[in-house]
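This report refers to the structure that appears directly beneath it.
Both ligands and their constituent atoms are indexed starting at 1 by order of listing. The first residue in the sequence is number 1, and the count goes up from there. Values below: all heavy atoms of this structure, side chains included; hydrogens, waters and symmetry mates excluded.
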Amino acid sequence: MTTLARPHQVPLDQRAVDELVKSLNGELIRPGDRGYDQHRRVWNGSIDRHPALIVRCADVADVRSAMGFARAQDVRVAVRGGGHSFPGYSTCDGGMVIDLSLMKGIRVDPAARTARVQAGALLGELDRATQAFGLAVTTGIVTHTGVAGLTLGGGIGWIMRKYGLTIDNLLSVDIVTAGGELLKASQTHNADLFWGVRGGGGNFGIVTEFEFRLHALGPEVVAGPIFWPIREAPSVLRFYRDWIADCPDELMTIVVQRRAPALPIVPQEMVGRHVIAVTACYAGPVEDGARAMRPLKSFGQPLLDLCGPKPYLVHQSMFDAGFPHGWRYYVRSCDVAELNDDVIDIVAEHGRRIVSPITSVALWQMGGAVARIGENETAFNGRSAGFTFNINGNSETADGFDAERDWARAYWSALAPYHTSTYVNFLMDEGPERIRQAYGAAKYSQLTTLKRTYDPENIFRLNQNIPPA
Ligand SMILES: Cc1cc2nc3c(=O)[nH]c(=O)nc-3n(C[C@H](O)[C@H](O)[C@H](O)COP(=O)(O)OP(=O)(O)OC[C@H]3O[C@@H](n4cnc5c(N)ncnc54)[C@H](O)[C@@H]3O)c2cc1C
């Protein structure tokens with residue numbers, strides 16, 4: 001056997017590598033190859049890893065070839081869709097990245113109101129393809145996030161209170177298992193696996209294609225943020241809490257805390273000021289949305305009101321500029337049942353302490369259709385959560401990143417008495433106990449049994465890992 005070892009590489013059987021290359025419709029990239037640095041990078045700039053092999057799959061056959069090689073050569077595997085894993089699980093040192101980003105096919109069937117979506121598609125690409133027919137499925141709030149990782153963890157977004165999580169609209173998946181088999185999973189095929197992929201992340205195989213149910217939406221919706229100075233956070237949040245108490249499912253809001261960003265839509269005198277914003281999206285007729293927003297719009301004296309009718313696609317990309325590739329990101333997340341006075345005080349206090357101009361908090365309103373699906377119907381946990389915190393301590397470079405991380409941890413710790421569940425897609429690398437907590441004991445146990453069936457050797461372990469029972 002000829003072996004070849006370069007920096008960051010495990011010794012590999014050169015003949016097996018050559019055979020892999022020959023079998024691929026896509027391409028194999030190794031350290032030193034053109035494009036290696038571009039393709040090894042992931043969204044979070046604080047992650048800097050050097051895989052030995054990057055297989056850029058063009059089709060399902062490539063995914064199966066890559067899996068066959070990884071199994072035979074005992075190479076560890078990272079799976080990459082959009083590359084937005086906060087802890088950077090879609091890359092690794094020394095192993096193989098199975099990169100699906102070339103597989104971007106999206107086929108919308110407007111009559112059946114369904115879409116078939118390959119695993120390399122990004123949210124913005126999916127939204128654009130569905131909105132061409134006045135349709136949509138719940139996706140997330142930053143368009144360059146991957147459909148694959150977001151869906152497999154659950155998928156929360158602007159229209160979830162009306163139409164459910166992304167997984168609540170998932171009809172089937174095509175999935176390559178650890179053994180290299182291509183399976184379909186749906187309510188009627190491999191139903192146990194279908195239960196697991198709806199929240200269980202990438203633990204059970206490599207999904208190559210998703211099939212979604214779509215809904216009529218837009219093209220215009222009433223959406224956007226309304227800003228107040230952060231010192232008014234307690235009164236804004238108390239008003240907000242009462243206002244959303246009996247709001248319709250069409251209305252979805254995210255409270256944002258940050259320093260006002262330097263964007264063309266933000267007046268110069270506001271840039272850098274600590275602000276609290278309620279950002280809304282009304283998934284229904286524009287007139288109804290305008291009516292629903294009136295009370296909030298007339299609360300106090302907003303610094304800036306950018307909430308109004310706009311194309312859904314414009315709203316979907318609203319947060320893109322705040323989360324570009326390459327900055328350093330650290331997130332802490334938890335769910336809380338309610339915004340009681342204590343929680344509001346914690347939010348107000350920690351929001352005032354934000355230092356970095358790119359640090360931000362997103363406090364998601366949950367409920368509606370998400371909460372009407374049974375807790376055990378999918379592997380997703382926390383359907384009864386009132387709110388989900390996403391506390392992002394960010395910096396552009398390594399300078400100041402430690403302080404941002406400390407701030408995020410302190411904020412999250414202050415909320416500890418009120419923590420309920422945790423959204424698995426907002427976990428960092430926080431250890432097995434946090435993953436168990438995220439799923440809850442019963443669901444976690446069910447997931448470990450499923451893992452034993454579909455991935456008994458835990459080949460798919462670079463993820464929020466569920467070890468086989
Ligand atoms: C800027 C930003 C905004 C976000 N906004 C939202 C949001 O609005 N709503 C929300 O719900 N989440 C959101 N998230 C969290 C997001 O859902 C997760 O980070 C998700 O894992 C990203 O998916 P990806 O395909 O881009 O990531 P990747 O890093 O490519 O993949 C993440 C993990 O998913 C698994 N995986 C990826 N592709 C496959 C596949 N084809 N088959 C099997 N496993 C696979 C792997 O385990 C991989 O490690 C956001 C994240 C970021 C960074």
Residue pair E396, I358: steps toward the side-chain contact (heavy atoms from CB on, under 4.5 Å) verdict = CA-CA 8 Å; E396 284 193 41; I358 62 167; 3.8 Å; yes
query = Side chain, backbone, both or neither: which part of F460 comes within less than 4.0 Å of ligand 1 when only heavy atoms are counted?
reply = neither
key: Part of L152 within contact of ligand 1 (heavy atoms, under 4.0 Å)   = side chain
ask   = Which bit of V142 is near ligand 1, meaning a heavy atom under 4.0 Å away: side chain, backbone, both or neither?
value = side chain
key: G153 touching ligand 1 at heavy-atom level, < 4.0 angstrom   = no
inquiry  = Going by the closest heavy atom to atom 52 (C) of ligand 1, which one wins out of F210, F323, F86, F204?
reply    = F86
inquiry  = If the contact criterion is a heavy-atom separation under 4.0 Å, does F319 count as touching ligand 1?
reply    = no
request  = Could you tell me whether L100 approaches ligand 1 through its side chain, its backbone, both or neither, with non-hydrogen atoms closer than 4.0 Å?
outcome  = side chain
Side-chain ion pair, R372 and D249, N-O less than 4.0 Å = yes
ask   = Are any of the heavy atoms in G205 under 4.0 Å away from ligand 1?
value = yes
message = Any salt bridge linking D48 with R40? Criterion: basic side-chain nitrogen under 4.0 Å from a carboxylate oxygen.
response = yes
Pairing of E181 and R64 as salt bridge, 4.0 angstrom limit = no
task = Starting from the C-alpha separation in whole Å, work towards a yes-or-no answer on ring pair (Phe, Tyr, Trp, His ring centres under 6.0 Å) for W158 and H315.
result = CA-CA 9 Å; W158 285 117; H315 181 62; 4.6 Å; yes
ask   = Which of the listed options, G149, A78, G83, holds the heavy atom that is closest to atom 28 (P) of ligand 1?
value = G83
task = Give a yes or no on whether a salt bridge exists between R56 and E27, defined as a side-chain N under 4.0 angstrom from a carboxylate O.
result = yes
note = Checking heavy atoms under 4.0 Å, the part of W364 that sits near ligand 1 is side chain
request  = Can you measure from OG1 (T359) to CG (N394) and round to the nearest 0.5 angstrom?
outcome  = 4.5 Å
key: ligand 1 contact on A119 by region, counting heavy-atom pairs under 4.0 Å   = side chain
task = Pick one of side chain, backbone, both or neither for how Y329 approaches ligand 1, counting any non-hydrogen atom pair under 4.0 Å.
result = neither
Heavy atom of protein inside 4.0 Å of atom 7 (C) of ligand 1, strictly below = yes
message = Can you tell me which residue among V197, I206, L182 is in a side chain to side chain contact (heavy atoms under 4.5 Å, CB included) with I175?
response = V197
inquiry  = One pair to check against ring pair (Phe, Tyr, Trp, His ring centres under 6.0 Å): Y423 and W364. What are the steps and the verdict?
reply    = CA-CA 11 Å; Y423 178 30; W364 295 64; 7.9 Å; no
key: Protein heavy atom at shortest distance from atom 27 (O) of ligand 1   = H84 N, 3.1 Å
